[in-house]
Amino acid sequence: MGVPGETEGTVTGAEAQHQQPGRADGAADPPAVMGLQVSALIDHVARVDWSLLDRVPGDRGGSQQVTFEELNHILTEVNALILPSSDNLTPVRTMAGGSVANTIRGLSAGFGISTGIIGARGDDDQGVLFVNNMSFSGVDLTRLRAKKGHTAQCACLVDASGNRTMRPCLSSAVKLQANEFTKEDFQGSKWLVVRYAQQNLGQIIEAIRVAKQEGLSVSLDLASFEMVRDYRSQLVALLETGNIDLCFANEDEAREIIGGGLTFDPEEALAFLSKYCKWAVVTLASKGCLAKHGKQVVQVPAIGESNAVDATGAGDLFASGFLYGLVKGLPLEECCKVGACSGGSVIRALGGEVRPENWQWMYKQMHAGGLVPPELKN
């Protein structure tokens, strides 16, 4: 499906073939952090009026799956009722998307951590765009299988306050199956990044099983408050396996994990998650975050919320910074501070990909906060 928009990070030919650092024997080193994205995804991000959101099925601010026809209808409406955006010359920004892709791309492009992605993409234009965009950011895609069929897509609708409503179309998209994982997909890596999704739970459980056999730590993002609310028992069962080392929850997801009551204590949610995970993080938007490791609990304020253009990817890029801290062995509070800087960088423009000028903004924020910015190789 062709949608008018700005294509992010498109490269062709040899430029798209990113090479990981090599070993002495000529083989590439395994990426330090692997991301599991069962279906590659393309985001169509646009500023929209509230009147359009009122006509989109489902809760505003959440994530709810739609059919291919519904996605087409939403994007047609978007192009008819577009809001002007000062940082964007076209009404729709089109880029590789998905929570895991955002986190992995951020780790590679902004922090210089070697990353790769495990999944499947279609043989359509969206699949090519996903490959080009992620390769341009330095992500290793040798574990991304090409399959005949559609690549998943998502309409990301951003209101005037910077809040986003997600409508993914996944039903007809190609995906990686549970029996397709190999130990070579995970061998030599340190972390596996996963996003909770009931429709892919079989693949998630199998990927975690193989990753654990290969000695990886596992990071889990709780995806959306609807996913936690509707499939809480399955999620808790996954946590109870003890295979989740790090769990990220935003405020709404944290509320649902402890029962979804009107009154909400983020520290209660943090304590609940920390029963099962070595590291537990609850992000609180403009109020910053809470994190726990062992008996240590820290609270860190947000950075950059006054310039929020679009909240898309804020949690994903927070995870990039936090994981960077863990890979580098930083203390818990510093992991949170780096996460606050990277989360603040992505909300300064539309979409879940950080623009170069906003990476520079992040490095300045890290300097100002007494943090050492990453050393990036040209």
Side-chain angles (χ1 to χ4, degrees), residues 3-6 8 41-67 70-99 101-102 153-170 221-229 249-256 264 283-288 302-318 340 342-355 358 361:
V3 178
E6 175 187 352
E8 298 299 312
L41 177 71
I42 289 296
D43 278 343
H44 306 285
V45 189
R47 293 285 297 275
V48 299
D49 189 88
W50 277 28
S51 63
L52 185 142
L53 291 175
D54 289 338
R55 300 197 301 277
V56 173
D59 296 335
R60 179 185 295 171
S63 178
Q64 182 172 311
Q65 288 197 45
V66 295
T67 65
E70 288 171 329
L71 178 74
N72 267 320
H73 177 72
I74 290 170
L75 292 172
T76 300
E77 292 270 336
V78 163
N79 282 286
L81 288 172
I82 204 72
L83 276 185
S85 178
S86 60
D87 71 332
N88 202 29
L89 299 177
T90 53
V92 180
R93 287 187 71 196
T94 299
M95 66 193 77
S99 176
N102 291 340
Q153 299 180 70
C154 181
C156 307
L157 310 176
V158 184
D159 66 23
S161 300
N163 300 312
R164 86 282 186 276
T165 298
M166 316 288 266
R167 291 296 177 262
C169 175
L170 309 175
D221 180 273
L222 295 192
S224 71
F225 67 86
E226 296 101 329
M227 191 70 72
V228 179
R229 179 183 63 202
N250 68 23
E251 195 165 3
D252 293 331
E253 295 152 5
R255 183 191 306 274
E256 294 296 339
F264 170 61
T283 57
L284 302 168
S286 62
K287 297 188 290 294
I303 294 174
E305 68 277 9
S306 59
N307 291 311
V309 171
D310 173 16
T312 302
D316 306 334
L317 268 296
F318 178 95
S342 53
S345 69
V346 75
I347 66 176
R348 299 166 65 82
L350 282 179
E353 181 176 29
V354 180
R355 293 187 169 188
N358 291 329
W361 175 90

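Start at 1 with the first residue, then count along the sequence.
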Is there a donor in the side chain of T283 and an acceptor in the side chain of N250, or the other way round, less than 3.5 Å apart? no
Atom pair OG1 (T76) and CD1 (I74), whose distance is rounded to the nearest 0.5 Å: 10.0 Å
Apply salt bridge (charged side-chain N to carboxylate O under 4.0 Å, His left out) to E70 and list each qualifying residue two or more places apart in sequence or on a separate chain. none
Check whether any side-chain heavy atom of V48 sits under 4.5 Å from a side-chain heavy atom of L53, and report yes or no. yes
Between the side chain of R55 and the main-chain N/O of S51, is any donor-acceptor distance below 3.5 Å? yes
Closest non-hydrogen atom pair, S345 against V354: OG-CG2, 3.6 Å
Residue pair A254 / A249: nearest heavy atoms and the distance that separates them: N-CB, 4.1 Å
State, yes or no, whether a side-chain contact exists between F318 and D221 at a heavy-atom distance under 4.5 Å. no
Between atom CD of E256 and atom CE of M227, what is the distance when rounded to the nearest 0.5 Å? 12.5 Å
Quick one: CD1 on I303 to OG on S286, what's the gap to the nearest 0.5 Å? 13.5 Å
Quick one: does L157's side chain get under 4.5 Å of L52's, heavy atoms only? yes
Using 4.0 Å as the upper bound for N to carboxylate O, is an ion pair formed by R60 and D159? no
Positive for side-chain hydrogen bond (donor to acceptor under 3.5 Å, both in side chains) with H44, one of R167, Q153, R93: Q153
Just how far is it from atom CZ of R229 to atom CG of D252, taken to the nearest 0.5 Å? 10.0 Å
So, taking the atom named CG in N358 and the one named OG in S342, what distance separates them when rounded to the nearest 0.5 Å? 12.0 Å
Does the salt bridge (charged side-chain N to carboxylate O under 4.0 Å, His left out) test come out yes or no for K287 and E251, once each step is laid out? CA-CA 10 Å; K287 297 188 290 294; E251 195 165 3; 3.5 Å; yes
CZ-CD distance between F225 and E253, expressed to the nearest 0.5 angstrom: 9.0 Å
Worked verdict on R355 versus E353 for side chain to side chain contact (heavy atoms under 4.5 Å, CB included): CA-CA 6 Å; R355 293 187 169 188; E353 181 176 29; over 6 Å; no
Going by the rule side-chain contact (heavy atoms from CB on, under 4.5 Å), which residues pair with D43 if we only count those two or more places apart in sequence or in a different chain? L41, V45, M95, C154, C156
